[in-house]
Number of protein chains: 2
Amino acid sequence: MPRRADAGEPATRRATIRDVAAAAGVSIATVSRILAGNYPSAPATRTKVMRAVRELDYVANAHARALSGATSKTIAIVLNSVISPYYAHVAQGVQTQAAHHDRLCLIGTTGGDPDRELATVRLMREEHADAVILVGNVVANDDYRARMAEYAHALSAAGSQLVLCGRPPLGRDVPAIAVEFDNTGGAYAATSHLLSQGHQRILYLGHRPGYTTSEGRIAGYRNALAAFGVSNDLDLEVEGTLERNEGYRMMKRRLARGTPDFTAVFAANDQIAAGARQALREHDLRIPDDISMVGYDDLPPAEDIGLTTVHVPHEELGRTAVRLALEREGTGATGAAHVMLGTHIVVRDSVRPAVRKA
Amino acid sequence: MPRRADAGEPATRRATIRDVAAAAGVSIATVSRILAGNYPSAPATRTKVMRAVRELDYVANAHARALSGATSKTIAIVLNSVISPYYAHVAQGVQTQAAHHDRLCLIGTTGGDPDRELATVRLMREEHADAVILVGNVVANDDYRARMAEYAHALSAAGSQLVLCGRPPLGRDVPAIAVEFDNTGGAYAATSHLLSQGHQRILYLGHRPGYTTSEGRIAGYRNALAAFGVSNDLDLEVEGTLERNEGYRMMKRRLARGTPDFTAVFAANDQIAAGARQALREHDLRIPDDISMVGYDDLPPAEDIGLTTVHVPHEELGRTAVRLALEREGTGATGAAHVMLGTHIVVRDSVRPAVRKA
DNA sequence: CTGTTAGCGCGTTCAC
DNA sequence: GTGAACGCGCTAACAG
């Protein structure tokens, strides 16, 4: 008696493995084995079964399969939003690699809200995903670390592997994999690029104190200044979020002060760069003629506006996350792991040598 | 005997409803009822149970729940890719609305390959998703329609609702919901905008014959030309795909012919517009001073390049898809449904009145 | 090589 | 208000 809420129609009930077995005149075990393909079987029975499968248009019930002990064959990814290019590219990598391993992708967004993150991880836990991948910039305080450790253990107990993407590792006693990219190195390279062109006053746009990605980038910026013997003027470090609008606002506010006291801009990401660029143009300042600029991420806006930026391997980040999680499956390995992906500068047309105002 | 491939550790086996029942000193039925919350129960037992749940950090097994007849509480979405802003925004809408209905989102990408689409829909069928949402521009030939009808019936039999997003409806006998936006109307408005500024030679960049979205848009373009009494020069309709690079290539090739024989450009989408714009600049042609341009979609590149374009409610598309699918759940309604979402022009700064070359 | 059987964890009848 | 028992569809032992 199917409980489907159909309109009382004959409702050709979904075919089960039993129907296939009956149609083929064999037992359900035989059908199961033949479909799994990991067991020897007589070609004749095989043909009969496959024909029945085709005729009934049978597909296995994923839930029944997952329940009976096999893996759920799903990878879960949790991120702030899908429309941000940053997350979208990581998600694409995850999705690609998951498909490559014949797995489906569960996706959940949090809008950056810890409560929704908690709720989402809970749902993922119910789903028994092979891996749960958390993506995104975050404040790595004790509170956060405690929360992640909880997730890690809970997921581990449920048979899932927690993976942190673009977030710092948690320590050797927490069963989580961390995959990051080198923010400090990339920022160092980008800043050096500006410094070597003679720029001394470089505006850092979009620092978010506490956020690990931001801290990594600004550290690279400061290191480079130090290496070039340029003193670090804190007034050049502007705090703000990572959106395009914020880039616009920050630059607007800065320009309202009067003639720019900087010759170059290091935008914390490409979106900020795009916003700042717009603000500059509204003040008749052109890039790179009047002001030089570098961004970070090498995502869509960058190419459109000819921005020299730091390329971050977002898709590879996602692929690596899945690969690592699946590699240790069945291995019994449950400790911590940490991978750091490299970055490199992409030179376009937003930087010119500084004009010596001797 | 848990079959988890653990490293032989004590491996605190995932808590089941039985464990909770034991800890609370009640039966599993009581636990089930209290957690579902749709049944009267003594406050005392309730407290005991909830405490046990908290202590064991119990979460229900989604597969067992789905198997035992309840809904799977998931919405599936199938699209070409996640990194395209178009799909990303629709996906965001789907994801938002799904979360709003307390559902998780399964996602699959096809890269536009029908075989992968087939495989993905199959997987979704195994998952028993409440709805399976197919997104994206497509050639609506008989072959396609037959394939969709098959999907629709197979999914319907499995208890899932097929939803077509940005694709034409299939006919009243096919159990599918279609949600589209008005391509022809938007293109008509955009073209009229150019025509009313005196442009007569408008280059249409990126027509893909057969693709429904493209056919809709070029129809609007042609209708507007006709309405303004401008003859339709087929040489102005350039065929191409919808990527940025293609926009660049198409414009490059056109400009190689010599002085432009057009004063305005209608790009089939914003990405094409961005590419074409770059090509124009390389030939020292500026927008809007030398050439006017409109795009379509109103997605990220548009704002960055100050493009006048047609706003398409992508997120609303996704939200509507989920809402409609869930609305008819249990209704027994299994017929076809069709919704058309409106569009409107967003004026920025890429259009100037045409120069009369009298 | 194939059939029989016992769970997987949960919702849900029935009785009490 | 609560407990016992059955079945969802499938996989994996164990026989034959």
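Below, chains carry the letters A, B, ... as their sequence lines are ordered, and counting in each starts from 1.
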Residue pairs fulfilling salt bridge (Lys or Arg N to Asp or Glu O under 4.0 Å) with at least one residue in residues 160-172 of chain B, sequence neighbours excluded
B/E117-B/R167
Separation of atom CG in A/L56 from atom P in D/dG9, rounded to whole Å
14 Å
Is a side-chain donor or acceptor of A/H63 paired with a backbone partner of B/E127 at a separation under 3.5 angstrom?
yes
side-chain hydrogen bond (donor to acceptor under 3.5 Å, both in side chains) filter on B/D57, not counting sequence neighbours, yields A/R125
Among residues at least two apart in sequence or on other chains, which ones pass side-chain hydrogen bond (donor to acceptor under 3.5 Å, both in side chains) with B/R51?
B/E55
What is the distance, rounded to the nearest whole Å, between atom NE2 of A/H128 and atom P of C/dC10?
9 Å
Bending between helix ends of the helix from C/dC1-D/dG16 to C/dC16-D/dG1 [5 pairs per end, 10° resolution]
40°
Starting at atom NE2 of B/H63, determine the distance to atom P of C/dG9, rounded to an integer number of angstrom.
12 Å
Exercise answer: donor-acceptor pairs, residues 93-108 of chain B side-chain atoms, under 3.5 Å, sequence neighbours excluded:
unit_1, atom_1, unit_2, atom_2, d
B/Q95, NE2, A/T109, OG1, 3.2
B/T96, OG1, B/Q92, O, 2.7
B/Q97, NE2, B/H101, NE2, 3.1
B/R103, NE, B/D130, OD2, 2.6
B/R103, NH1, B/H101, O, 3.0
B/R103, NH2, B/D130, OD2, 3.4
B/R103, NH2, B/E329, OE1, 3.2

Mind checking what makes side-chain hydrogen bond (donor to acceptor under 3.5 Å, both in side chains) contact with A/T30, not counting sequence neighbours?
A/S27
If I take atom CG in residue A/N61 and atom C1' in nucleotide D/dG9, what distance separates them, rounded to the nearest angstrom?
6 Å
Considering just the side-chain nitrogens and oxygens of B/T45, establish if one lies under 4.0 Å of OP1 or OP2 belonging to D/dG1.
no
Does anything in residues 25-42 of chain A reach DNA chain D, meaning a heavy atom under 4.0 Å, and if so which residues?
A/A29, A/S32, A/R33
What is the separation between atom NZ on B/K73 and atom P on C/dC10, rounded to the nearest whole Å?
16 Å
Just jot down the side chain to side chain contact (heavy atoms under 4.5 Å, CB included) partners of A/D173, sequence neighbours excluded, or say none.
none
Rounded off to whole Å, could you give me the CD1-to-P distance for the B/I17 and C/dC8 pair?
14 Å
Any side-chain hydrogen bond (donor to acceptor under 3.5 Å, both in side chains) pairs touching residues 33-48 of chain A, not counting sequence neighbours?
none
Listed partners of B/S160 passing side-chain hydrogen bond (donor to acceptor under 3.5 Å, both in side chains), at least two apart
none
By the salt bridge (Lys or Arg N to Asp or Glu O under 4.0 Å) test, which pairs, at least two apart or in different chains, include something from residues 16-25 of chain A?
A/R13-A/D19
Test your reading of the model: is there a side-chain donor-acceptor pair from A/S156 to the backbone of A/P175, 3.5 Å cut-off?
no
Note: contacts of residues 46-55 of chain A with DNA chain D (heavy atom, under 4.0 Å) are none
Please give, in whole Å, the distance from D/dT11 C1' to A/L67 CG?
10 Å
Whole-Å distance between D/dC8 P and B/E126 CD?
20 Å
